[in-house]
Amino acid sequence: LCQDILKVCPTHSDAQRLLAELRARYEQAEQFYATIKRELDHRPLAELISLLQEAVGLYPDHPSGHLVQTQLLARAQEYSQRMEEAVEHLRQGLWEPALCCLRRVQQINPAAPNVAGAIEFIREVQRHVELVRGHIDDAVRPHDRRRAISLARALDEYAQDARSSIRSA
């Protein structure tokens, strides 16, 4: 519209000012979209979403907007899906699959709250399980069946307690 006005009246100052403002907004939005595309695999989702909000606020119908929004949505959906899978694996006591999901969540969103703590918790559970399994193996070798059974029960209780602590969290 401004360009049409300027064709009819090239000295129309309001149309010139508005066109200059629109061009500046377009360029700013383009910079935001370029940053989002470039940083999609490196920045936390919250930062990327904030940048997207800024870009949309500047120039809602920017041509780069749809693609970037779609890419960011796909990333957010993968984050959500992997987090749900991790929680379900944790509830079932499936430590290794949960750990794989949480590592992917951390890749998708490095600033994801509580993920680093959950990963460390799982690693600690795995270390403890391996340690106790070693003790069970040591008890089985000299045919100390009672000790092996006692250790196995303790390990089952530990795993159950770990699952319970996750359920209550």
Side-chain angles (χ1 to χ4, degrees), residues 28-58 60 62-169:
Q28 284 181 310
E30 180 65 36
Q31 289 175 3
F32 280 117
Y33 286 123
T35 299
I36 293 167
K37 285 171 71 172
R38 186 179 60 250
E39 297 294 325
L40 193 60
D41 293 333
H42 308 290
R43 281 205 190 175
L45 283 175
E47 286 182 28
L48 295 171
I49 290 169
S50 179
L51 290 173
L52 179 62
Q53 289 170 333
E54 294 268 347
V56 170
L58 286 168
H62 195 283
S64 299
H66 181 71
L67 176 62
V68 171
Q69 289 173 25
T70 302
Q71 290 171 331
L72 190 53
L73 176 62
R75 193 153 181 86
Q77 286 174 333
E78 183 184 2
Y79 170 85
S80 179
Q81 180 183 351
R82 294 288 178 246
M83 186 62 90
E84 287 175 18
E85 289 173 3
V87 169
E88 186 56 35
H89 290 315
L90 288 171
R91 287 187 175 135
Q92 295 174 17
L94 302 172
W95 309 112
E96 196 58 38
L99 189 58
C100 289
C101 288
L102 289 173
R103 284 182 179 140
R104 181 63 185 138
V105 163
Q106 199 170 42
Q107 286 174 340
I108 294 168
N109 189 14
N114 304 320
V115 172
I119 289 172
E120 185 53 37
F121 173 78
I122 292 169
R123 286 182 180 148
E124 182 59 36
V125 167
Q126 288 177 320
R127 283 190 290 269
H128 185 77
V129 167
E130 288 303 312
L131 178 69
V132 173
R133 282 183 180 161
H135 291 310
I136 291 170
D137 289 344
D138 291 345
V140 169
R141 281 189 204 106
H143 305 294
D144 191 352
R145 181 180 162 96
R146 286 185 185 161
R147 183 168 180 259
I149 290 171
S150 174
L151 288 168
R153 283 186 183 137
L155 182 56
D156 287 345
E157 288 175 15
Y158 176 80
Q160 182 59 38
D161 289 346
R163 284 191 298 271
S164 294
S165 70
I166 292 165
R167 288 184 192 121
S168 63

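Starting from 1, each residue takes its place in the sequence as its number. Values below: all heavy atoms of this structure, side chains included; hydrogens, waters and symmetry mates excluded.
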Looking only at heavy atoms, what is the nearest atom pair of Glu47 and Arg43, with distance? OE1-CD, 3.2 Å
Among Glu85, His89, Met83, which residue meets the side chain to side chain contact (heavy atoms under 4.5 Å, CB included) test with Leu102? Met83
Audit row: Arg127, Glu130, salt bridge (Lys or Arg N to Asp or Glu O under 4.0 Å) steps and yes/no: CA-CA 5 Å; Arg127 283 190 290 269; Glu130 288 303 312; over 6 Å; no
Run the side-chain hydrogen bond (donor to acceptor under 3.5 Å, both in side chains) check on Gln77 and Gln81 step by step: do they pass? CA-CA 6 Å; Gln77 286 174 333; Gln81 180 183 351; over 6 Å; no
Any side-chain to backbone donor/acceptor pair from Arg75 onto Leu40? Under 3.5 Å, distance only. yes
Calculate, to the nearest 0.5 Å, the distance between atoms CG and CD1 belonging to Asp156 and Ile149 respectively. 11.5 Å
When you measure from the side chain of Ser150 to the backbone of Arg146, do you find a donor-acceptor pair of N or O atoms at a distance under 3.5 Å? no
Regarding Arg163 and Gln160, is there a side-chain donor-to-acceptor distance under 3.5 Å anywhere? yes
Would a distance-only check, ignoring hydrogens and angles, find a side-chain to backbone donor-acceptor pair under 3.5 Å from Thr70 to His66? yes
Sub-4.5 Å side-chain heavy-atom contact between Leu99 and Glu96: yes
What is the minimum heavy-atom distance between Ala76 and Leu45, and which atoms define it? CA-CD1, 4.1 Å
Please examine the side chains of Leu52 and Leu48, heavy atoms only from C-beta on, and report whether any two atoms are closer than 4.5 Å. no
Phe121 vs Trp95 aromatic rings, parallel, tilted or perpendicular, using cut-offs 30° and 60°? perpendicular
Atom pair CD (Gln69) and CD1 (Ile36), whose distance is rounded to the nearest 0.5 Å: 8.5 Å
Rounding to 0.5 Å, atoms CG (Leu51) and OH (Tyr33) come to a distance of 11.0 Å
Please name the pair of heavy atoms, one in Asn109 and one in Pro44, separated by the smallest distance, quoted to 0.1 Å. OD1-CA, 3.1 Å
Look up atom CD1 in Ile108 and atom CD in Glu78, then write down how far apart they are to the nearest 0.5 Å. 3.5 Å
Do Gln126 and Arg123 have a side chain donor and acceptor closer than 3.5 Å? no
Return the CG to CG distance between Leu151 and Leu155, rounded to the nearest 0.5 Å. 8.5 Å
Quick check: closest heavy atoms across Val105 and Ala112, and the distance to 0.1 Å? CG1-CB, 4.2 Å
Starting at CD of Gln53, measure out to CZ of Phe32 and round the result to the nearest 0.5 Å. 11.0 Å
Which pair of heavy atoms, one from Ala29 and one from His62, lies closest together, and at what distance? CB-CD2, 3.8 Å
Are the side chain of Thr35 and the backbone N or O of Gln31 linked by a donor-acceptor pair below 3.5 Å? yes
Count the heavy atoms belonging to other residues, nucleotides or ligands that lie under 6.0 Å from CG of Asn114, then report whether that count exceeds 12. no
